[in-house]
Every structure is written in structure tokens, then in C-alpha cells.
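Counting from 1, the numbers follow the sequence of the chain as shown. Only a predicted model underlies this, so the values are computations on that prediction, with no experimental measurement involved.
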Amino acid sequence: MRSVMNILALQGSPRTNGNTAALQSALLDVLAAHHTVYHFHVARLALSPCQSCYRCQRQQTCPTNDDMHLLYPHLAQCDMVILASPIYFYGVTAQLKSVIDRCQHLWLNPLPQRHDRTGVLVLTAGAPDQHGQGARITTDACRIFFSCLGAPLAHTLVATNTDRYPVTQQPDALKAAALLGELLLTKARPN
Ligand SMILES: Cc1cc2nc3c(=O)[nH]c(=O)nc-3n(C[C@H](O)[C@H](O)[C@H](O)COP(=O)(O)O)c2cc1C
């Protein structure tokens, strides 16, 4: 028996049923059978970018009153964070970058150390990305976000060449997502 994990899944593509959603879903389908998944389509949230006001330094919370306050409790309490994004110019989407930047509040007011949280990154890329450069640069940029949450990045799942072959037509990518789900299940916290 394993205890039930709370998993926060953020889908950062503006497309509801695109490649990123398909790849993340293949992973979440496995995890959701055993754990509680809180899924947010970030583009549907009302989110402002960070205003760099630094009031979070004094107030210990972000003064911008928007949907980010739906995410803060999950970011603080979840056991696993699964961030999913298409690669846009070797980075995540603007919508997801807003979420990341709004975590400056957690950078300045660090969460209590837990040592048992996991970060997972799911990326899709239109180009073949044969040398993995796009995925590597995007992954490196996201790594600091995961460590800011105290959920070090443990796995990056990537599907490339989606402009030619949508993820739904890439059985190997969907299988890799399901296998990663199985692997994460084996690493769930024991009771
Ligand atoms: C603004 C924009 C920038 C993009 N930049 C890249 C890129 O740098 N490298 C790449 O391989 N694909 C790039 N793409 C293609 C997307 O990453 C690819 O189509 C992705 O699978 C879309 O995912 P979605 O269907 O979930 O939106 C870009 C697409 C857009 C719209």
C-alpha cells in the first residue's frame, strides 16, 4: 500500500487539446488511478505577470489579486509538480512563465524543507530537435523553478517533431509517458 499523493499538474499550452495536453494526459492517466491530481489549464486562468513590486518581501504573499492565488496553496502543499509546456523559442509559454515568475514570492519566502517532493517536466517541440538543444535549454531554465519549490526536477519527458507528427500519432512518445507514470508510481511514498 502507498499513501495517496497530491499531484499538481499545470498545462501551459494555450491549446486545450494539442500535443502538450495529449502527452501530459498519457502520464496523468496512469497516476490518476492511484493518486489525486489537481489539473489546471494555465491559459484559462486570469493571471498577470510579476510586477516586480517586491511587496511579497514584506507581506509574505503576492499582492496581485488574481487566479495565482488558486495555485499558491497547491504549490505549497502538493507532493509532485508536473509542468507541461510546448517549447516556444527555447522556453515555456508566456502563460506558464507568468506562473513561474509569480513564484518569486516563494523564492523570497521559502517553503518549509520537505525533501520528499518531486518535479516533472513535460515538453513538446515542433522541430525534430535532433541534438536535444531546445529541450535542454528549456529544461535548464525550469530547473530553478522546481528547486525554488523544493521539488527538484527528477524527470523530463519530451516529444519532438510534432509539427510533422502530432503526439497522438507518436505511439513511442505516448508509451514513454505511460512508462514514466509507472516509474513515478513505484517511487510514491510508502505508508
Ligand atoms: C510561438 C511559438 C514558438 C515556437 N517555438 C518553437 C521552438 O523554439 N522550437 C520548436 O521545436 N518548436 C517551436 N514551436 C512549435 C511548438 O513547440 C509545437 O508545435 C508544440 O508541439 C505545440 O504544442 P501544443 O499543441 O500543445 O500547443 C513554437 C510554436 C509557437 C506557436
Side-chain angles (χ1 to χ4, degrees), residues 5-45 47 67 70-71 74-75 78-101 117-146 149 151-188:
M5 283 197 296
N6 289 325
I7 298 173
L8 174 62
L10 301 178
Q11 202 284 92
S13 169
R15 301 172 68 197
T16 316
N17 295 311
N19 297 300
T20 312
L23 193 61
Q24 191 185 39
S25 291
L27 170 62
L28 294 181
D29 285 350
V30 176
L31 295 172
H34 301 270
H35 299 288
T36 306
V37 176
Y38 297 92
H39 183 269
F40 291 89
H41 184 205
V42 172
R44 286 205 181 138
L45 300 178
L47 283 176
D67 285 347
L70 297 174
L71 300 185
H74 290 287
L75 288 162
C78 69
D79 302 297
M80 183 181 293
V81 186
I82 302 179
L83 212 63
S85 180
I87 294 177
Y88 277 11
F89 290 97
Y90 287 11
V92 297
T93 61
Q95 290 88 346
L96 206 49
K97 187 64 165 69
S98 286
V99 171
I100 291 172
D101 289 349
R117 308 177 88 202
T118 305
V120 177
L121 184 61
V122 176
L123 297 174
T124 67
D129 199 21
Q130 274 152 343
H131 303 292
Q133 197 182 10
R136 193 164 53 248
I137 291 171
T138 309
T139 300
D140 284 346
C142 291
R143 211 177 287 282
I144 186 79
F145 166 72
F146 286 105
L149 294 180
L153 180 60
H155 303 277
T156 302
L157 177 70
V158 188
T160 60
N161 213 8
T162 60
D163 287 350
R164 186 151 188 194
Y165 303 106
V167 162
T168 49
Q169 293 171 29
Q170 294 195 33
D172 287 353
L174 295 170
K175 190 172 174 191
L179 285 174
L180 176 57
E182 298 289 347
L183 178 71
L184 291 169
L185 286 180
T186 66
K187 290 190 176 170

Exercise. Rounded to the nearest 0.5 Å, what's the gap from CZ on Arg117 to CG on Leu149? Could you check?
Key: 6.0 Å

Quiz item: By ring-ring contact (aromatic ring centres under 6.0 Å, His included), which residues pair with His155, not counting sequence neighbours?
Solution: none

Under 3.5 Å, side-chain donor or acceptor atoms of residues 161-173 against the rest of the protein: list the pairs with distances, not counting sequence neighbours.
unit_1 : atom_1 : unit_2 : atom_2 : d
Thr162 : OG1    : Ala125 : O      : 3.1
Gln170 : NE2    : Thr160 : O      : 2.9
Gln170 : NE2    : Tyr165 : O      : 2.7

Exercise. Look up atom CG in Leu123 and atom CG in Asn19, then write down how far apart they are to the nearest 0.5 Å.
Key: 12.5 Å

Quiz item: Judged by atom type as modelled, is there a donor-acceptor pair below 3.5 Å linking the side chain of Asp79 to the main-chain atoms of Met5?
Solution: no

Quiz item: Looking at residues at least two apart in the chain, or sitting in another chain, which of them share a ring-ring contact (aromatic ring centres under 6.0 Å, His included) with Tyr38?
Solution: His74

Quiz prompt | Residue pairs involving residues 82-100 (criterion salt bridge (Lys or Arg N to Asp or Glu O under 4.0 Å); sequence neighbours excluded) | solution = Lys97-Asp101

Quiz item: So how far is it from Leu71 CG to Leu8 CG, rounded to the nearest 0.5 Å?
Solution: 6.5 Å

Quiz item: What distance do Phe145 atom CZ and Leu121 atom CG have between them, rounded to the nearest 0.5 Å?
Solution: 10.0 Å

Enumerate, atom names and distances included, each donor-acceptor pair closer than 3.5 Å involving a side-chain atom of residues 22-34, sequence neighbours excluded.
unit_1 : atom_1 : unit_2 : atom_2 : d
Gln24  : OE1    : His39  : NE2    : 3.3
Gln24  : NE2    : Leu10  : O      : 3.4
Gln24  : NE2    : Ile82  : O      : 3.4
Ser25  : OG     : Ala21  : O      : 2.8

Self-check item: Rounded distance [0.5 Å steps], CD in Gln95 versus CG in Leu47
Solution: 9.0 Å

Quiz item: What distance separates Asp129 CG from Thr124 OG1, expressed to the nearest 0.5 Å?
Solution: 11.0 Å

Exercise. With sequence neighbours left out, write down each residue that passes ring-ring contact (aromatic ring centres under 6.0 Å, His included) with Tyr88, or none if nothing qualifies.
Key: none

Practice problem: Look at the side chain of Thr138 and the backbone N and O of Ala135, then say whether any donor-acceptor pair between them is shorter than 3.5 Å. | Solution: no

Practice problem: Write down the atom of Gln11, the atom of Arg15, and the distance for their closest heavy-atom approach. | Solution: NE2-O, 3.4 Å

Quiz item: Does Ser85 use its side chain to pair, donor to acceptor, with the backbone of Gly12 at less than 3.5 Å?
Solution: no

